[in-house]
Visitor: 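First the structure, then my questions, so here it is.
This structure is a prediction, so every number in the text was calculated from the model and none was measured.
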Amino acid sequence: MWSVIRKSRRMSMTCSLLAQSLTLAYHYNTSPAIKSTCNPFSPLVSNQSSSSSVFLRPVSAPAIRAFCSKSDAMSSAQNSDSVSHLTQREAAEIDETLMGPLGFSVDQLMELAGLSVATSIAEAYKASEYDRVLAICGPGNNGGDGLVAARQLYHFGYKPFVCYPKRTQKPLYTGLVTQLESLSIPFLSVEDLPLDFSKDFDIIVDAMFGFSFHGTPRPPFDDLIKRLLCLHGYDQTRQKRPVIVSVDIPSGWHVEEGDIGDEGIKPDMLVSLTAPKLCAKKFSGPHHFLGGRFVPPVIAHKYKLRLPPYPGTSMCVRIGKAPSVDISALRENYISPEFLEEQVESDPINQFRKWFDDAIAAGLREPNAMALSTVGKDGKPSSRMVLLKGVDRDGFVWYTNYESRKACELCENPHASLLFYWDGLNRQVRVEGSVEKVSDEESEQYFHSRPRGSQIGAIVSKQSSVIPGRHVLYQQYKELEEKFSDWSLIPKPEFWGGYRLKPELFEFWQGQTSRLHDRLQYSPQEINGKRDGNFLVLLKKVLLCWKCEASINKTPQPIKRVLMMI
């Protein structure tokens, strides 16, 4: 039968082109040239090549890529010199154009800007560690961005406070105040603010002045800037201080020349909007984000803007150098519901399906991704990510090339382990067991359920073999694509098929605070001195034994708990 126990848990660039599970349906995102005869905003479009706006288009990741260091792959996105910077005049003109012929309203742009600021903060400073946020808002549009950001941060799980000393009596701004008050977000006057910000706040949002501000800050903002500037004195004494996030322009800075008199705010994070302003080149803090995913191509053409692509559906993207990180200091304090013995399913397959359904419902990306670890006759383990394609009473199924390294190792040692990790839920599942090939009929059926491009890719991809270059794969793919262009049946290659891992051990892990994680393990036990190898029979027996134990002893003895601090 299966019993459950609780265990503790601790948790030179070389590029080689390998044909690893390649999908060759690869294309570039291109857009037709904008023609003045059909574009109502043609005066905004220059006659330059459309290539100038390439940074604005979504960029597909290549389906075939060389194995290189991550830093090299990301260097272009992190180089702020490759991103356009705007003068004060250009920034004003773009705003006028957006709110004029392009039809944007002030409140639309303010909502997008505030959301971008909030998502940028959430990227750099997690609510579990930096939850108390003070938004200091000025009387103009920059202050409105701060008000929107405070509202969004509330919905992201932060605890915002707002200081809004010079309120603008326009419907847009009074509406934002009403929205914040309806969420019971406290408004603090300048007099209410503590003398020492570090005791009451983790993040201070500087939304006082934007790119349209001229002159010298007047009371009470001049004093607020000085108080924020004084926070950097804590760095010398190694006292904890709140981090400062500036919206578009650090208050006290010249829009183009930066912190001229060294009297402006020294933010830890700058969130540039639309495009960075020239002063951003003088920013030296650890986090620089770009927000405002709304720049139309006509604007990009006119001002020859080079902007980085936004990842996925994100409203912000990091620009500039990534901050240096002390790897030893990286840690998460997991906050999760308790995972108790009395809550688990007696059948480990049912427990897995329950957690898998949770991962699906949470919208996690590729919840069926799993690390497959194998060991060959040389005793050296190897791991790689594969995709689960089936789970039932007989085990876990995936498909691959039978001539790959993992296949060779499974031939030499038909035992493996699987690891599922669902980050958004702080959960892991480990499964260990013996491995066997699925039937040819099952492999055939799944092969022909795949898209035709994937079928051709499986034929072309000789996994773990060295090839001269990607051009070889493209050529072979093109030849097969033409061969089967009549939509005839594509035969499954003999070297491709599925494997099934038959579980012999399950382990379910739920992250908890202070490293007191919940870790429950299922393992088969001998019944009448004999261990039954049939998984389905074992599961039936555990149900019977569970009921028997519970009726006699009143407590389910097959579950044991061992809890240790890590």
Side-chain angles (χ1 to χ4, degrees), residues 31 34-36 38-46 50 52-53 55-58 83-120 135 137-152 155 168-180 205 207 209-213 246-249 255 270-278 280 289-310 312-317 319:
S31 59
I34 302 176
K35 299 180 180 180
S36 59
C38 61
N39 190 340
F41 306 115
S42 57
L44 298 174
V45 185
S46 67
S50 62
S52 64
S53 64
F55 286 93
L56 288 170
R57 301 191 194 111
V83 179
S84 297
H85 289 69
L86 300 176
T87 65
Q88 188 175 39
R89 179 183 59 80
E90 289 172 333
E93 287 181 0
I94 289 176
D95 261 18
E96 290 176 4
T97 304
L98 288 171
M99 291 183 288
L102 292 181
F104 284 89
S105 62
V106 177
D107 52 340
Q108 280 183 312
L109 295 177
M110 199 171 286
E111 282 294 324
L112 291 168
L115 177 59
S116 299
V117 172
T119 55
S120 298
C137 302
N141 290 347
N142 197 261
D145 297 341
L147 295 174
V148 174
R151 188 187 71 227
Q152 296 290 356
H155 292 297
T168 302
Q169 299 303 316
K170 293 181 179 180
L172 170 60
Y173 296 88
T174 56
L176 291 174
V177 170
T178 300
Q179 293 164 19
L180 294 170
V205 178
F209 302 110
F211 65 80
S212 61
F213 178 77
S246 287
V247 178
D248 206 27
I249 306 291
V255 178
L270 175 62
V271 183
S272 295
L273 299 173
T274 306
K277 314 309 179 283
L278 278 176
F289 281 80
L290 177 63
R293 193 176 184 171
F294 50 75
V295 180
V298 290
I299 293 288
H301 276 271
K302 179 178 180 181
Y303 293 94
K304 301 180 181 179
L305 296 183
R306 300 185 310 277
L307 302 176
Y310 286 79
T313 58
S314 178
M315 289 298 297
C316 62
V317 58
I319 57 179

Visitor: Between atom SG of C316 and atom CZ of R293, what is the distance when rounded to the nearest 0.5 Å?
Guide: 10.0 Å
Visitor: Got a second to check how far L172's CG is from M110's CE, nearest 0.5 Å?
Guide: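 Rounded to the nearest 0.5 Å, the CG-CE separation comes out at 4.5 Å.
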Visitor: Is the shortest side-chain heavy-atom distance between V317 and P309 below 4.5 Å?
Guide: no
Visitor: Give the minimum heavy-atom separation between H85 and A280, together with the two atoms involved.
Guide: CD2-CB, 4.1 Å
Visitor: Answer yes or no: is there a side-chain heavy-atom contact under 4.5 Å between Q179 and L176?
Guide: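 Contact flag for Q179/L176 side chains = yes.
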Visitor: Could you check whether K302 pairs with E90 (Lys NZ or Arg NE/NH1/NH2 to Asp/Glu carboxylate O, under 4.0 Å)?
Guide: no
Visitor: Can you tell me which residue among D145, L270, V271 is in a side chain to side chain contact (heavy atoms under 4.5 Å, CB included) with V247?
Guide: D145
Visitor: Quick one: list whatever passes ring pair (Phe, Tyr, Trp, His ring centres under 6.0 Å) with F209, sequence neighbours left out.
Guide: F213, F221
Visitor: To the nearest 0.5 Å, how far apart are CE in M315 and CG in L290?
Guide: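 Reported to 0.5 Å precision, the distance equals 10.0 Å.
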Visitor: Nearest 0.5 Å please: distance from the CG atom of L112 over to the CG atom of L273.
Guide: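 The CG atom of L112 sits 10.0 Å away from the CG atom of L273.
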Visitor: If every non-hydrogen atom of A135 is compared with every non-hydrogen atom of A150, which pair is closest and at what distance?
Guide: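 Heavy atoms only, the tightest pair is CB-CB, 4.3 Å.
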Visitor: Output yes when a side-chain donor or acceptor of E111 lies under 3.5 Å from a complementary backbone atom of V148, and no otherwise.
Guide: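 Flag not set: sc E111 to bb V148 has no pair under 3.5 Å.
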Visitor: Any idea which heavy atoms bring T119 and S116 closest together, and the distance?
Guide: OG1-O, 3.0 Å
Visitor: Quick check: closest heavy atoms across S84 and A275, and the distance to 0.1 Å?
Guide: O-CB, 4.3 Å
Visitor: For D248 and T274, what are the C-alpha separation, side-chain angles and deciding distance, and is it a side-chain contact (heavy atoms from CB on, under 4.5 Å)?
Guide: CA-CA 9 Å; D248 206 27; T274 306; over 6 Å; no
Visitor: Is the closest side-chain heavy-atom distance between L102 and I299 below 4.5 Å?
Guide: yes
Visitor: Take V83 and R306, measure what side-chain contact (heavy atoms from CB on, under 4.5 Å) needs, and give me the verdict at the end.
Guide: CA-CA 5 Å; V83 179; R306 300 185 310 277; 5.8 Å; no
Visitor: For residues V255 and F211, report the shortest heavy-atom separation together with the two atoms involved.
Guide: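 Answer, listing the atom of V255 first, then F211: CG2-O, 3.3 Å.
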Visitor: Step by step, would you call Y303 with E93 a side-chain contact (heavy atoms from CB on, under 4.5 Å)?
Guide: CA-CA 10 Å; Y303 293 94; E93 287 181 0; 2.9 Å; yes
Visitor: Checking side-chain contact (heavy atoms from CB on, under 4.5 Å) for the pair I249/N142: CA distance, chi angles, key distance, verdict?
Guide: CA-CA 9 Å; I249 306 291; N142 197 261; 5.8 Å; no
Visitor: First locate atom CG of N141, then atom OG of S212, and finally report the distance between them rounded to the nearest 0.5 Å.
Guide: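 OG of S212 is found 6.5 Å from CG of N141.
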Visitor: If you compare all heavy atoms of I319 against all heavy atoms of P308, which two are closest, and at what distance to 0.1 Å?
Guide: CG2-CG, 3.6 Å
Visitor: What's the spacing between L109 CG and F294 CZ if we round to 0.5 Å?
Guide: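 That separation rounds to 5.5 Å.
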